[in-house]
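Source: prediction; values computed, not measured. Below, chain A is the first sequence line, B the second, and so on; all start at residue 1.
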Protein chains: 2
Amino acid sequence: MEETVLSGLMSCLYHETRCIPDVLLENCMGRSFDSRPDKSADGSRDNPRATGAVRLSDVAAAAGVAAMTVSRALNQPELVSERTRERVQRAVIETGYVPNRVAGALASSRSKMVAVLVPTVAHSLFADVVQSITDTLALEGYQVLLGLTGYQTQEEAAVVETVLSRRPDALVVAGTRHSEATRARLKAARIPVVEMWDMSDDPLDMLIGFSHRAVGEAVADYLLGCGYQRFGQAMADDPRSHQRAEGFNARIAAEQAARPDAGIAVTTCWAETPASLVGGRTAAASLLADMPDCEAIVCSSDTLAMGVIAEAQSCAMAIPQALAVMGFGDMSFAAATWPALSTVRIDGAEIGRLTAEHLLKRFESAGSGPVYDVLDVGFEIMARQTTLASRS
Amino acid sequence: MEETVLSGLMSCLYHETRCIPDVLLENCMGRSFDSRPDKSADGSRDNPRATGAVRLSDVAAAAGVAAMTVSRALNQPELVSERTRERVQRAVIETGYVPNRVAGALASSRSKMVAVLVPTVAHSLFADVVQSITDTLALEGYQVLLGLTGYQTQEEAAVVETVLSRRPDALVVAGTRHSEATRARLKAARIPVVEMWDMSDDPLDMLIGFSHRAVGEAVADYLLGCGYQRFGQAMADDPRSHQRAEGFNARIAAEQAARPDAGIAVTTCWAETPASLVGGRTAAASLLADMPDCEAIVCSSDTLAMGVIAEAQSCAMAIPQALAVMGFGDMSFAAATWPALSTVRIDGAEIGRLTAEHLLKRFESAGSGPVYDVLDVGFEIMARQTTLASRS
DNA sequence: TCAGTTGATGTTAGCGCTATCATTGCGCTT
DNA sequence: AAGCGCAATGATAGCGCTAACATCAACTGA
């Protein structure tokens, strides 16, 4: 008898046609079977390995169709008749079904996840990229698995392996310098890979970024054009900063060769990563000690630049008259400080958006292999108040 | 002796960090089966649904043991003899095996993933928390699934559902205001939930944060103590800012009641989210128009505060003499600007670390139910140069 | 000597989904 | 009436892993 009563309850639960208000929904969320500890129709409910969550087959029973039909109604609704789709829809709501994409991913070998590997999100440059990738991918139902690699190649290898074990549909990684083991693993994974935030002659697959060397060169050209001749560099000790320093130094060396008597010189101080205000102050002090007639200090980040400015102000050096300062990143505060910081602007959100869009395109045209797309998004020199356009 | 070395190596292999030297790995990456196009031992390699990746059973065949033994060697090395463990490890390297945690998660219903839901990572406050959670969880081999909810409750509901479909082992969410449907889903998921960055009388499970109302009260007390009497508020229009504004207004109201003739007043301007410099400037202009004798402007973020300062400077108002400004967040630039911004400091990294640690503790003692732990990490008022300690 | 114990390994049967193919019913032609 | 094409749905068999139990040799103590 109890069986009958309960099965009556079932059919009410499952076959009613009204649209259920939230208030009612709350009570049947989760396992609507909670009130019936015994096995359900298919008898598998008493299996000790079952999770107790509502499954596709529960929804199917509620809707009076096969499990496969529910799966189709949810994932390829165009293959299911309107009538059935509606019934499934109702059953999903009634049962409080939350699909299990772990099982789905295993069965279909598509996870709808994209791994994103950046050194850190605690600095706004990468945070912007992550935000933008996440937002863009979300539009198509993809989610981001976040991996923080720090600034060390070794750590990256470990993160890559852990992340690949989740079988993401694609992987995005900041930078182009990877250990051979990492490169091999990424190739073996046979998924689209986007390297970003950098340029390289030898991309693994897709590459979206800008040339750090070109940034260094452009900054040198800009400052030389302003008339500066004696330079300090306050650089964080990471690979990308090194590239910018190389570009800068190359241009300075060329100018020295062209005008050997102009007194052009550069000295460099490497600061610890992660870059900090204090690091900037220390670096500035050291640079000014080495080169007391230093006219301009180029920094590998806006944060370091703020430290340099603070140090200069504490020595009562006027900026930009006594000392020019150049940052990198154009963080939110750069334009707002006084004097406003001259810096290099990278459009992280744009890099993220492009990355996500290219991936989505790849997913659509699933079959086609790697594209070896390379996109240079460039950069912009923001000449503000910490540099003088023409130094007299 | 060598035995010991290898087993030490194993345990790091299978938990978080790979310690195998790159040199060893390089040569055996990818499918070592590529050279043997025919089916492997169990004959299932010609199945059309197989992914073609190296599987546990391939490793097992290579090591001459059962698949289950390989699984154990990787996940519970203490249950496997040293000799076998060593052979398995060699087979893993030879085959270039990368475990499939999707399958593992389905079989064991433990995903070793934690979902983290924040409004955005493009602002350093939440970025710090995410960074800190990710780092701390990584120590125990857990990974972060990132969900960005924006600032709308409706969006949150959708993100929660998508994220739960990945069956994370726990969920961390910023804020305590959720729709009833979301609360129901979270309860039904039966996983540990941490609400953070906030306080509430009615936590879902664990709660680690601080009271926004208390922040508002403390800021009011601080400014009243400095001698300020006529206040503007430039607040972003999000729930947490509202709470801070409420706290602030409550204290001001109390003071007005206590000293009715002192001329204490407050006016509020709501800025759009996300907060921006421009928003701050606009809000400041509007506040100064409403209340020309305004003495201090309290902002819901450092970013808005920078905008307020910019607007004041453009009107040639001296800060803090003519106008005091108070921020919120103590972002990296706050201490570095001139004048240095007075603000409220929240230790996001600490919140993240505590969150992760409490979750890890919960995972260890798997059986025990919710703890209803509530932790208030507090905040700190950073009195810098944009406020005057005693206004004469 | 033999039941009882232990530790190491193997076997089996799913986890909850989807790819694939099979089946059904319907309208259309010939 | 038989045959065909098509759309909608169902049944089956895995995806790659691990929980749970089974097995087996090597001991233990009486």
List for me each residue that meets salt bridge (Lys or Arg N to Asp or Glu O under 4.0 Å) alongside E357(B), sequence neighbours excluded, and say none if there are none.
R353(B)

Mapping N100(A) and A66(B) to their closest nucleotides on DNA chain C, which lands nearer the 5' end?
A66(B)

Counterpart residues, side-chain contact (heavy atoms from CB on, under 4.5 Å), relative to T153(B) (two or more places apart):
S179(B)

If an axis is fit to five pairs at each end of the helix from dT1(C)-dA30(D) to dT30(C)-dA1(D), what is the angle between the two, to the nearest 10°?
50°

Which pairs of donor and acceptor atoms, one on a side chain in residues 71-80 of chain A, lie under 3.5 Å apart (sequence neighbours left out)?
unit_1 : atom_1 : unit_2 : atom_2 : d
N75(A) : ND2    : S71(A) : O      : 3.1

What does the list of N/O pairs under 3.5 Å between the protein and nucleotides 18-22 of chain C look like, with a distance for each?
unit_1  : atom_1 : unit_2  : atom_2 : d
dT18(C) : OP1    : N75(A)  : ND2    : 2.8
dT18(C) : OP2    : S71(A)  : OG     : 2.4
dT18(C) : O2     : R49(B)  : NH1    : 3.4
dT18(C) : O2     : R49(B)  : NH2    : 3.4
dA19(C) : OP1    : R110(A) : NH2    : 3.3

Ignoring backbone atoms, establish whether S57(A) has a side-chain N or O less than 4.0 Å from OP1 or OP2 of dC17(C).
no

Kindly write out the residues that satisfy side-chain contact (heavy atoms from CB on, under 4.5 Å) with A103(A), not counting sequence neighbours, or none if the list is empty.
N100(A), L106(B)

Within this structure, what is the CD-to-P distance between E82(A) and dT9(D), rounded to whole angstrom?
11 Å

Residues D205(B) and R362(B) bridged, charged N to O under 4.0 Å:
yes

N/O-N/O pairs, protein side and nucleotides 5-8 of chain C side, under 3.5 Å:
none

Check: V159(B) and L117(B) side chains under 4.5 Å, non-hydrogen atoms:
yes

Residue list, salt bridge (Lys or Arg N to Asp or Glu O under 4.0 Å) with R85(A), at least two apart or on another chain
none

Rounded off to whole Å, could you give me the CG-to-C1' distance for the L106(A) and dT18(D) pair?
12 Å

Would you mind reading off the distance between L74(A) atom CG and dC17(C) atom C1', rounded to a whole angstrom?
11 Å

Going by the rule side-chain contact (heavy atoms from CB on, under 4.5 Å), which residues pair with T162(B) if we only count those two or more places apart in sequence or in a different chain?
R101(A), Q143(A)

What does T69(A) touch in the nucleic acid at a heavy-atom separation under 4.0 angstrom: a base, only the sugar-phosphate, or nothing?
sugar-phosphate

Is there a side-chain contact between Y97(A) and the phosphate of dC17(C), meaning an N or O under 4.0 Å from OP1 or OP2?
yes

A170(A): what forms a side-chain contact (heavy atoms from CB on, under 4.5 Å) with it, not counting sequence neighbours?
V114(A), P192(A), L359(A), F363(A)

By salt bridge (Lys or Arg N to Asp or Glu O under 4.0 Å), which residues pair with E86(A), not counting sequence neighbours?
none

Sequence-distant partners of H178(A), side chain to side chain donor-acceptor pair (under 3.5 Å), two or more places apart
E156(A), E195(A)

Any base atoms under 4.0 Å from V102(A), or only sugar-phosphate, or nothing? Heavy atoms, all strands.
nothing

